Structures are given as structure tokens and as C-alpha cells.
Amino acid sequence: MSNKKPRTAITPTREDDFPEWYQQVIKAADMAENSPVRGCMIIKPYGYAVWENIQKNFDAMIKDLDVENAYFPLLIPMEFMSREAEHVDGFAKECAVVTHHRLEADEDGKLGPAPSAKLEDPYIIRPTSETIIGDTMARWVQSYRDLPLKLNQWCNVMRWELRTRIFLRTSEFLWQEGHNAFEDEKGGVEDHEKMLEAYADLVENYMAVPVIRGKKTPEETFPGAVSTLTIEAMMQDGKALQSATSHYMGQNFAKSIGIKYQNRDGDESYAHTTSWGLSTRTIGAMIMVHGDDDGMVMPPRVAPYPVGIIPILRDDQDKDKILAYCADIVAQLRAIGIRAKINNSDSRTPDKMWGMIKKGVPVRVEIGAREMQEGTLTHVRRDLGRDSKASCKASEFMQQIQGILDDIHITLYQRAKDFMEQNITEAKTLADMEDLYKSGHKGFVKTPIAVLDDADLARVKKENAITARCMPFSDNGQSVIFGKAY
RNA sequence: CGGAACGUGGCGCAGCCUGGUAGCGCACUUGCAUGGGGUGCAAGGGGUCGGAGGUUCAAAUCCUCUCGUUCCGACCA
């Protein structure tokens with residue numbers, strides 16, 4: 001027995017092969033899978049439930065900021081793309097194009113686009129709805145009284161990606177895109193800051209992923225934007241993942257798409273616009289930040305069910321009684337607003353347990369004949385493992401569970417935050433940074449802002465596969481954080 | 001899109017070099033014993049080897065093309 005390592009539920013481990021571990025966690029946790037459509041994923045119920053929780057929480061946040069939801073078409077007239085020069089640059093090469101409106105069989109019986117049904121004006125499948133929403137806003141905004149106008153839509157978009165990775169980069173993905181318009185610069189600038197803070201709030205306080213808030217360097221700024229703000233998270237392999245961005249477009253976009261209005265002086269002005277988006281990719285971030293070698297570790301506030309209950313059935317005699325007791329526990333939890341689910345399949349107990357471990361259910365509750373008789377239950381925290389196993393009266397549990405879940409959230413967040421902080425190294429010069437990466441540094445490197453002007457920067461970035469992630473707010477724009485990125 | 005690798009039952013793999021119609025582990029089904037961090041024994045079901053062509057008496061094994069996946073790179077949420 002030379003194998004001293006305890007068996008892990010996921011093979012390989014994070015240390016052995018991080019990218020493969022990531023794939024295996026998604027599979028083991030039953031969150032998503034590849035589809036017959038190249039580059040597109042099937043989000044399974046357990047993964048989609050996470051997205052629904054993200055949606056629910058963020059949707060409430062933006063409504064508090066007076067954003068209204070609307071829905072725009074999946075198809076966008078191709079000519080819209082050419083209205084915005086920067087867009088052509090950014091998205092044209094990854095657009096799916098709709099050219100026909102009918103299929104028909106040829107002489108061999110093979111289906112194909114009917115030549116007679118060719119579209120005079122082709123459509124593209126939205127890679128973003130910026131142009132069509134902008135076009136709409138241009139019609140809706142006539143007067144300064146129509147501003148601000150804050151629109152958001154939850155939808156799917158498609159970008160024909162060359163290299164896809166489930167959740168992190170797929171050809172089709174789900175997101176929300178917000179597009180706001182304001183009278184002046186102040187309104188737009190403040191808005192894009194506010195939206196970024198909303199993202200930071202969501203990601204940190206619901207997904208337990210600590211982030212660095214900052215501004216993109218000019219080079220990394222979104223095409224056409226005056227300013228791009230970002231939240232950057234660190235994965236357990238030390239790489240960065242941009243979790244959400246918020247752009248201030250100045251009047252650039254309004255001018256190209258015609259969002260103009262009569263201002264308070266009776267003159268014509270162009271609106272100042274912002275756009276902001278967060279996608280299913282953040283689910284990938286959550287996996288890579290919290291997951292461990294036994295699978296997913298769900299942050300409780302977005303977990304499909306923060307409490308999972310396993311009935312322990314030793315024989316059929318007590319089965320119905322135990323199940324009834326479990327059902328009652330679930331009902332009590334739901335009554336206090338906690339999502340709970342019972343696994344009453346007839347799998348073996350250990351298999352049910354490992355199933356919940358791999359899914360990362362924050363609190364596992366075990367209930368057998370013993371608990372039923374005593375009116376107690378046994379609970380274990382996923383983040384702390386079997387050592388955290390404890391028993392208490394069911395009534396006490398109801399009092400404590402919210403606190404336990406909050407504590408799990410804090411523990412996950414703090415653990416990730418400590419990791420991130422320990423893996424940000426400061427370097428005074430570009431040469432110092434290069435030395436760090438050349439000697440195998442895995443995390444971020446923070447340098448003075450002056451490094452951006454170093455003529456050698458491009459070479460160092462290229463050779464070390466790093467990019468400028470952002471200029472963190474915490475240093476008032478006086479520093480830059482670099483790192484490898486997803 | 002460039003470089004590399006891979007594609008064999010649900011999952012992970014062996015077989016391919018030295019062609020002769022498929023094997024292992026896990027999962028699954030049944031039974032008995034079990035049952036609080038991956039239970040044991042026994043009996044079973046399931047694949048024609050990503051797809052299309054070619055070579056051959058014969059192909060999972062050789063050749064060509066194609067589709068897909070993964071990793072690295074460039075690009076990007």
C-alpha cells in the first residue's frame with residue numbers, strides 16, 4: 001500500500017491537474033455537460049438552480065437601482081453591426097449569421113437552406129444587444145425628461161468562440177446586459193461605478209467570491225468605452241477571472257447610434273451611456289474558488305439547496321416513520337425560508353452522502369432511527385468536513401441553521417480572501433515582476449502604475465502569458481495588478 | 001484559427017505497434033447479508049469500437065478525410 005493519500009472523490013486532484021479537476025467537478029456535481037452543439041453546454045438542473053439564484057438576487061439589486069427589465073429580439077439586423085465601428089472590430093469575427101428562413105430537401109433528400117428563401121437582409125444572432133437596445137433608446141429618448149433610462153435584459157447571447165470551456169467560455173451563454181443612458185458625464189460615470197459595486201456585492205456577499213475592484217488599463221478597456229471597471233477574482237490555481245465588467249461609453253456610443261435629446265437649454269445633446277454585464281461564467285469562478293478535491297463546495301446563498309437531508313434507513317420497519325420525520329424537518333426549514341431537499345432515493349447511505357459531498361451541499365443533515373426517537377438530527381458542514389459533525393434537537397437546529405449557513409458563507413469568503421491576499425506579491429519594477437513569474441510565481445503581482453509605461457512591458461507580458469488585470473481602487477489608481485487569466 | 005493529444009457500454013480505461021468480428025474497474029439490474037464517509041458475496045443486462053471512405057479474404061486495430069473533446073497559444077464575458 002504505497003498510496004498514502006486518502007481517496008478523493010475527484011480524480012485528478014487540483015494539484016495534479018487543475019483544468020481536468022475543474023471538468024470533473026462539474027460532472028461529479030451534475031451541474032452541466034457538453035451538448036451536441038459545438039461549444040454549447042447543457043446546464044443541468046443542479047447548475048441552473050445556481051444561475052436562478054444569482055438572477056434572483058441580482059435582479060432585486062438592480063431593481064433597487066431603478067433599472068427596468070425588458071426583452072429584445074434574439075436576431076439583430078446585420079446592418080446594425082456596421083453602425084458602431086468598434087463593434088465590427090469586437091464581434092464581427094464571431095457572429096453566427098442567419099441567412100435563410102426555410103429548409104427544404106434536395107434531390108438526395110438532404111435538408112438544406114432553401115435557395116428561394118434567402119434573406120435579403122441577413123440577421124445575426126446577438127453577441128450582445130448593445131446595438132438593438134441603443135437603436136431603441138434612440139427612439140425612446142427625446143427629451144432630458146426621458147433620462148435617465150435604465151434597461152436590463154436577461155438573455156442568451158452567442159459568440160462563435162474558437163476555444164470553449166464549460167461555463168467559462170461557451171459559444172452560447174446566459175447573462176444579463178444592462179444599458180443605461182444619462183444626461184451628462186457625471187450621471188454615466190457614477191452609474192458605471194454603482195453597477196460595478198452591485199456586482200461586487202453580488203459576487204462577494206452571495207457567491208462568497210472575494211474580488212478586486214478596479215479600473216481596466218487603457219489597453220484592456222472595452223472597445224469604444226471611455227472607462228471599463230472590473231471585478232477580478234483569483235482562482236485556486238492563481239489565475240484571474242474577470243467576473244463582471246461595467247463600462248462608461250461617454251457619448252461615443254450615443255453618437256454612433258443616435259441617442260440624442262433636447263437638453264434643458266433647448267439644445268440637442270447626446271446621451272452618456274453605460275453598459276454592464278454578468279454571465280454564467282461566474283458559476284465557473286465559484287467552482288474554481290470554492291471547490292475541493294471531493295467536488296463542489298456551494299456557497300450557501302446561491303446553493304440550490306443549502307440543506308440536504310439524508311434519511312438513514314436500516315430496515316424497512318422504521319422507514320415510513322423516519323421519512324415522515326425528515327419531511328417534517330424539511331417543512332420546518334422551508335417555513336423559515338431555507339431551501340432544503342431530502343434524498344429519499346433507495347441508494348445506499350454512503351452513496352447518498354458522497355453524492356451530496358460532490359454536489360457541495362453546504363449542510364448535510366443525517367436522520368436515522370436514533371434521531372427520530374430523540375427528536376434530534378445530526379448535521380455536518382461541507383466546508384469543514386466530517387469533523388464538524390454534530391447533533392442537536394431539531395428545534396435547536398431551526399434556531400441555529402441560519403447562523404450556520406452565514407458562518408459557512410463567511411468561512412468560504414475568508415478562506416478565498418486569505419488565499420488571494422497570500423498570492424498577490426508586490427514588485428517595485430517590471431524586472432522584479434518578471435523575476436517572480438520566471439521563478440514560477442502563480443498568483444497576481446502588484447506593481448506601481450509607472451510599470452505601464454515601461455517599454456519592455458509588452459515583451460514581459462507575452463513571455464509570461466500575463467495581462468494587466470486592473471488598477472485597483474484600493475490604491476487610487478497608483479498600482480496595477482497583473483496575472484494570468486481565464 | 002495555429003500547435004499537440006485524444007475519441008472503445010453511463011463514467012474511467014486496456015486492446016491498436018505485431019489486422020482475424022471486444023475486455024477491465026466503477027456504475028447499473030437481481031438475490032442474500034449489510035447500511036451513521038465510498039459494504040461483501042453471487043448471478044446478470046448493456047458497447048461493433050465518434051462518423052465517412054479506402055486497403056484487405058478479414059479492421060477497434062493500417063491509410064485518407066471529417067466531426068467532436070481536451071490542453072497550449074492567439075482572441076475574447
Side-chain angles (χ1 to χ4, degrees), chain A residues 6-12 17-24 27-28 30 33-41 89-95 127-128 130 156-177 199 216 220 222-223 228 230-232 240-247 275-285 294-295 310-316 318-319 322 346-358 364-371 376-380 382 385-389 391 461-463 465 467 484-486:
Chain A
R7 182 180 171 190
T8 57
I10 302 296
T11 313
D17 184 347
F18 196 79
E20 180 62 19
W21 164 85
Y22 172 74
Q23 306 277 350
Q24 293 304 325
K27 190 179 289 184
D30 210 26
E33 61 186 33
N34 282 308
S35 74
V37 183
R38 167 214 261 268
C40 294
M41 62 181 159
D89 244 31
F91 295 117
K93 55 185 176 297
E94 45 188 33
C95 273
T128 164
E130 206 132 31
N156 58 339
V157 287
M158 170 158 274
R159 299 177 188 176
W160 211 267
E161 293 292 343
L162 301 173
R163 184 181 172 194
T164 60
R165 293 132 97 70
I166 211 155
F167 283 127
L168 300 177
R169 172 155 288 106
T170 45
S171 286
E172 182 189 18
F173 58 91
L174 305 181
W175 77 344
Q176 60 67 219
E177 49 178 323
Y199 286 136
K216 286 290 189 187
E220 302 284 335
F222 185 69
T228 293
T230 179
I231 49 175
E232 301 282 329
L241 192 142
Q242 172 183 312
S243 308
T245 47
S246 172
H247 315 288
S275 72
W276 32 284
L278 170 122
S279 75
T280 36
R281 129 179 274 218
T282 51
I283 296 175
D294 284 329
I310 296 179
I312 292 160
L313 309 169
R314 283 166 167 275
D315 53 61
D316 286 340
D318 288 335
K319 185 176 173 183
I322 293 173
D346 64 354
S347 322
R348 296 174 35 74
T349 301
D351 293 335
K352 290 188 202 176
M353 291 188 178
W354 281 103
M356 281 201 188
I357 290 166
K358 287 188 281 196
R364 185 174 80 242
V365 167
E366 301 172 9
I367 294 172
R370 207 155 63 218
E371 284 85 352
T376 62
L377 52 75
T378 297
H379 56 275
V380 194
R382 175 62 177 88
R386 63 207 297 183
D387 294 340
S388 64
K389 189 176 276 200
S391 290
K461 285 200 294 187
K462 190 169 168 59
E463 286 183 11
T467 49
K484 298 183 201 238
Y486 278 96

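Every chain is numbered from 1, with letters handed out A, B, ... down the list of sequences. Source: prediction; values computed, not measured.
Rounded to a whole Å, the CZ atom of A:Arg281 is 5 Å from the C1' atom of B:rA77. Atom CD in A:Glu161 sits about 13 Å away from atom P in B:rU69, given to the nearest Å. When rounded to the nearest whole Å, the span between CZ of A:Phe18 and P of B:rC72 equals 12 Å. Following rounding to the nearest Å, A:Lys93 (NZ) and B:rA74 (C1') show an atom-to-atom distance of 11 Å. B:rG37 atom C1' lies 7 Å from atom NZ of A:Lys389, rounded to whole Å.
Between A:Phe222 and A:His247, the ring planes lie parallel to each other; the angle is under 30°, not in the 30° to 60° tilted range.
Within 4.0 Å of A:Arg159, counting heavy atoms only, lies at least one base atom of the nucleic acid. A:Asp17 comes within 4.0 angstrom of nothing in the nucleic acid, heavy atoms only.
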Intermediate values then yes/no, side-chain contact (heavy atoms from CB on, under 4.5 Å), A:Glu161 and A:Glu94: CA-CA 6 Å; A:Glu161 293 292 343; A:Glu94 45 188 33; 3.8 Å; yes
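For A:Arg348 and B:rU34, a side-chain-to-base donor-acceptor distance below 3.5 Å is present, hydrogens and geometry of angles not being considered. Counting atom types as modelled, A:Gln24 pairs no side-chain N or O with a base atom of B:rG12 as donor and acceptor under 3.5 Å.
Looking at RNA chain B, the stems built from 3 or more consecutive Watson-Crick or G-U wobble pairs, each pair with its key distances under 3.5 Å, are B:1-7 with B:67-73, B:10-13 with B:23-26, B:28-33 with B:39-44, B:50-54 with B:62-66.
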